[in-house]
K.L.:
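Okay, here's the structure, questions in a sec.
Every chain is numbered from 1, with letters handed out A, B, ... down the list of sequences.
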Number of protein chains: 2
Amino acid sequence: MSAGHTDVTTDPVVSCAEECGVRDVQDRLGDKWTVHVVVELASGPRRFRELQRLVTGVSQRMLTFTLRRLERDGLVTRTVYPTTPPQVEYELTGTGHSMTHLIKQLIDWSLDHRAVIGRAREEWDAKQT
Amino acid sequence: MSAGHTDVTTDPVVSCAEECGVRDVQDRLGDKWTVHVVVELASGPRRFRELQRLVTGVSQRMLTFTLRRLERDGLVTRTVYPTTPPQVEYELTGTGHSMTHLIKQLIDWSLDHRAVIGRAREEWDAKQT
DNA sequence: CTGCATCCAACACGATACTG
DNA sequence: CAGTATCGTGTTGGATGCAG
């Protein structure tokens with residue numbers, strides 16, 4: 001594809017990577033649980049227990065952490081219904097939903113290049129004897 | 001943009017998040033140095049030393065690691081010029097360049113929501129007394 | 001200049017136990 | 001059910017020194 005990079009200086013991705021608060025998004029997208037939780041919440045509001053069941057392997061601790069952080073950043077809302085037993089519902093906000101699209105991009109890219117990368121990886125590993 | 005999510009139960013982000021090798025991409029996008037390096041390489045081939053200067057704060061160890069991993073996955077090429085002193089040049093491959101776009105998405109989103117998230121965060125912190 | 005190996009501190013994460 | 005607190009551990013990442 002884009003071979004022949006005669007002019008390599010024409011890919012203005014960005015000039016500020018760290019300064020623009022990208023780190024926050026990185027941290028979130030790089031976090032296994034965050035992505036999982038957002039994906040689950042994308043299809044509608046969920047209760048705590050429900051999420052823990054849906055997001056396989058997550059510990060109670062990490063789920064709480066993840067939800068708190070998402071809540072703090074205004075990506076999910078936390079609604080407490082004062083019933084017995086207590087019931088808490090988590091739901092994506094508008095901003096939260098917009099992150100959903102971002103995650104979609106991520107997944108699409110990974111699906112697109114998964115095979116190529118896998119092959120490259122095998123070749124490389126082979127060459128390392 | 002995509003506001004007005006009246007139907008929350010129809011956001012088919014994805015059905016498999018972990019199974020499809022998304023973790024790999026996550027790891028890479030979540031990695032501070034990887035993103036930085038790719039961004040720097042986006043504007044053209046760079047030498048090792050050059051990268052270390054460009055990517056402020058990276059240790060030699062991490063730069064090597066990062067480059068090796070990128071090389072392994074076929075995202076960058078490593079060309080050795082047998083001169084004295086030795087000269088090694090790193091360059092993004094086609095796949096590598098495509099990741100550039102993904103990173104762009106990331107940065108765009110972060111720029112778009114940076115303010116909102118920041119405000120939400122402050123409010124949340126304030127409420128925590 | 002480029003790269004690898006070792007040591008060491010920090011932190012993230014999981015498991016567990018306990019409260020409302 | 002929902003959430004907090006504590007402890008043990010494994011991985012990450014920086015600093016340093018040495019080699020090609």
Side-chain angles (χ1 to χ4, degrees), chain A residues 17-18 23-38 40-41 44-73 76-91 124-125 127-129, chain B residues 17-18 23-38 40-41 45-72 76-91 124-125 127-129:
Chain A
E18 188 173 24
R23 273 322 311 263
D24 292 327
V25 189
Q26 263 184 273
D27 285 342
R28 220 153 284 119
L29 253 69
D31 186 40
K32 183 180 178 181
W33 300 132
T34 300
V35 172
H36 254 113
V37 167
V38 171
E40 293 302 338
L41 286 178
R46 301 286 178 189
R47 297 180 53 183
F48 188 90
R49 256 322 221 178
E50 212 172 350
L51 279 174
Q52 194 169 15
R53 243 174 291 114
L54 256 35
V55 181
T56 42
V58 71
S59 66
Q60 191 186 42
R61 176 188 149 91
M62 289 319 291
L63 183 55
T64 303
F65 267 31
T66 304
L67 287 170
R68 278 293 170 285
R69 190 160 49 158
L70 288 171
E71 190 193 354
R72 181 167 104 106
D73 291 350
V76 307
T77 57
R78 177 173 175 272
T79 315
V80 182
Y81 298 100
T83 60
T84 50
Q87 180 171 341
V88 181
E89 215 172 60
Y90 294 92
E91 183 173 12
W124 199 91
D125 286 350
K127 259 184 287 190
Q128 302 310 305
T129 319
Chain B
E18 188 172 25
R23 273 321 311 265
D24 293 327
V25 190
Q26 264 184 272
D27 285 341
R28 220 152 284 121
L29 254 68
D31 186 38
K32 183 181 179 182
W33 301 132
T34 301
V35 172
H36 253 109
V37 167
V38 171
E40 293 302 337
L41 286 177
R46 299 287 178 190
R47 295 182 53 183
F48 188 88
R49 247 339 213 165
E50 212 171 351
L51 279 174
Q52 193 169 16
R53 244 174 291 115
L54 257 35
V55 181
T56 43
V58 70
S59 66
Q60 190 186 46
R61 177 187 150 92
M62 289 320 290
L63 184 54
T64 304
F65 266 29
T66 305
L67 287 169
R68 280 293 170 285
R69 190 160 48 159
L70 288 171
E71 191 192 353
R72 183 168 102 106
V76 307
T77 57
R78 177 174 176 271
T79 314
V80 182
Y81 298 99
T83 61
T84 48
Q87 179 172 343
V88 182
E89 217 173 58
Y90 294 92
E91 183 173 14
W124 199 91
D125 286 351
K127 261 184 288 192
Q128 302 310 305
T129 320

K.L.:
Whole-Å distance between C:dA12 C1' and A:K32 NZ?
P.N.:
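Whole-Å distance recorded here is 13 Å.
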
K.L.:
Can you find an N or O donor on one side and an acceptor on the other, under 3.5 Å apart, linking the side chain of B:R61 with the base of C:dT6?
P.N.:
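Yes, the side chain and the base share a sub-3.5 Å donor-acceptor pair.
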
K.L.:
Is the phosphate of D:dG3 approached by A:Y90 (side-chain N or O, under 4.0 Å from OP1 or OP2)?
P.N.:
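For D:dG3, OP1 or OP2 has a side-chain N or O of A:Y90 closer than 4.0 Å.
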
K.L.:
From the options D:dT4, C:dG20, C:dG3, select the nucleotide whose nearest atom is closest to the side chain of A:Q60.
P.N.:
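Nearest listed nucleotide: D:dT4.
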
K.L.:
Find out whether A:L41 and A:L51 are in side-chain contact, i.e. whether some heavy atom of one side chain is under 4.5 Å from a heavy atom of the other.
P.N.:
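The answer is yes; the side chains approach within 4.5 Å.
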
K.L.:
I need the CG-P distance between B:L70 and C:dG3, as an integer number of Å.
P.N.:
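Going from B:L70 (CG) to C:dG3 (P), I get 13 Å.
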
K.L.:
Please give, in whole Å, the distance from C:dT6 C1' to B:M62 CE?
P.N.:
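Atom CE in B:M62 sits about 16 Å away from atom C1' in C:dT6.
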
K.L.:
Name the one of B:R46, B:R53, B:R47 that satisfies salt bridge (Lys or Arg N to Asp or Glu O under 4.0 Å) with B:E50?
P.N.:
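When B:R46, B:R53, B:R47 are each tested with B:E50, the salt bridge (Lys or Arg N to Asp or Glu O under 4.0 Å) holds only for B:R46.
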
K.L.:
Listed in order of residue number, which residues of residues 48-55 of chain A have a non-hydrogen atom at under 4.0 Å from DNA chain C?
P.N.:
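DNA chain C contact set from residues 48-55 of chain A: none.
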
K.L.:
Looking at side-chain heavy atoms only, is the closest gap between B:L67 and B:F48 below 4.5 Å?
P.N.:
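B:L67 reaches B:F48 side chain to side chain.
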
K.L.:
Can you tell me how far CD of A:Q60 sits from CZ of A:R49, rounded to the nearest 0.5 angstrom?
P.N.:
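These two atoms lie 7.5 Å from each other.
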
K.L.:
Heavy atoms only, 4.0 Å cut-off, all strands: where does A:D31 land among base, sugar-phosphate and nothing?
P.N.:
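Sugar-phosphate contact only - A:D31 comes under 4.0 Å of backbone atoms but never of a base.
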
K.L.:
Output yes when at least one side-chain N/O atom of B:R78 is less than 4.0 Å from OP1 or OP2 of C:dT2, else no.
P.N.:
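Result: no.
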
K.L.:
At what distance, to the nearest 0.5 angstrom, does CG of A:D31 lie from CG of B:D27?
P.N.:
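A:D31 CG to B:D27 CG: 10.5 Å, rounded to 0.5 Å.
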
K.L.:
Counting heavy atoms from C-beta on, name the nucleotide in D:dG14, C:dG14, C:dC1 closest to the side chain of B:W33.
P.N.:
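So the nucleotide nearest the side chain must be D:dG14.
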
K.L.:
Are any non-hydrogen side-chain atoms of B:H36 and B:T66 less than 4.5 angstrom apart?
P.N.:
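Not in contact.
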
K.L.:
Counting heavy atoms from C-beta on, name the nucleotide in C:dA15, C:dC1, C:dG3 closest to the side chain of B:P85.
P.N.:
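The answer is C:dC1.
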
K.L.:
What is the distance, rounded to the nearest whole Å, between atom CG of A:D27 and atom P of C:dC11?
P.N.:
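To the nearest whole Å, that distance equals 14 Å.
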
K.L.:
Between D:dG13 atom C1' and B:F65 atom CZ, what is the distance in whole Å?
P.N.:
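One finds 9 Å between C1' of D:dG13 and CZ of B:F65, rounded.
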
K.L.:
Measure CD/B:E89 against C1'/C:dT2 and give the value in whole Å, please.
P.N.:
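In whole Å, C:dT2 C1' and B:E89 CD are 14 Å from each other.
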
K.L.:
Any side-chain heavy atom of B:R68 within less than 4.5 Å of one from A:W124?
P.N.:
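B:R68 reaches A:W124 side chain to side chain.
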
K.L.:
Does the Lys NZ or Arg CZ of A:R61 fall within the cation-pi geometry relative to A:F65 - under 6.0 Å from the ring centre and within 45° of the axis?
P.N.:
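Yes, A:R61 lies over the aromatic ring of A:F65.
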
K.L.:
Output the single nucleotide from D:dG3, C:dC7, C:dG3 whose closest atom is nearest the side chain of B:T64.
P.N.:
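Per side-chain heavy atoms of B:T64, the pick is C:dG3.
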
K.L.:
Give the rounded distance in Å between these two atoms: CZ of B:R47 and C1' of C:dT2.
P.N.:
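To the nearest whole Å, that distance equals 9 Å.
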
K.L.:
Which nucleotide sits closest to the side chain of B:P86: C:dA15, D:dG20, D:dG14?
P.N.:
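Within the option list, the nearest is D:dG20.
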
K.L.:
What's B:Y81 touching, base or sugar-phosphate or nothing? Going by heavy atoms closer than 4.0 Å.
P.N.:
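Nothing: the residue B:Y81, judged by heavy atoms under 4.0 Å, touches no strand.
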
K.L.:
Report the distance from atom CG of A:L63 to atom P of C:dA15, rounded to the nearest whole Å.
P.N.:
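So the two atoms are 14 Å apart, to the nearest Å.
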
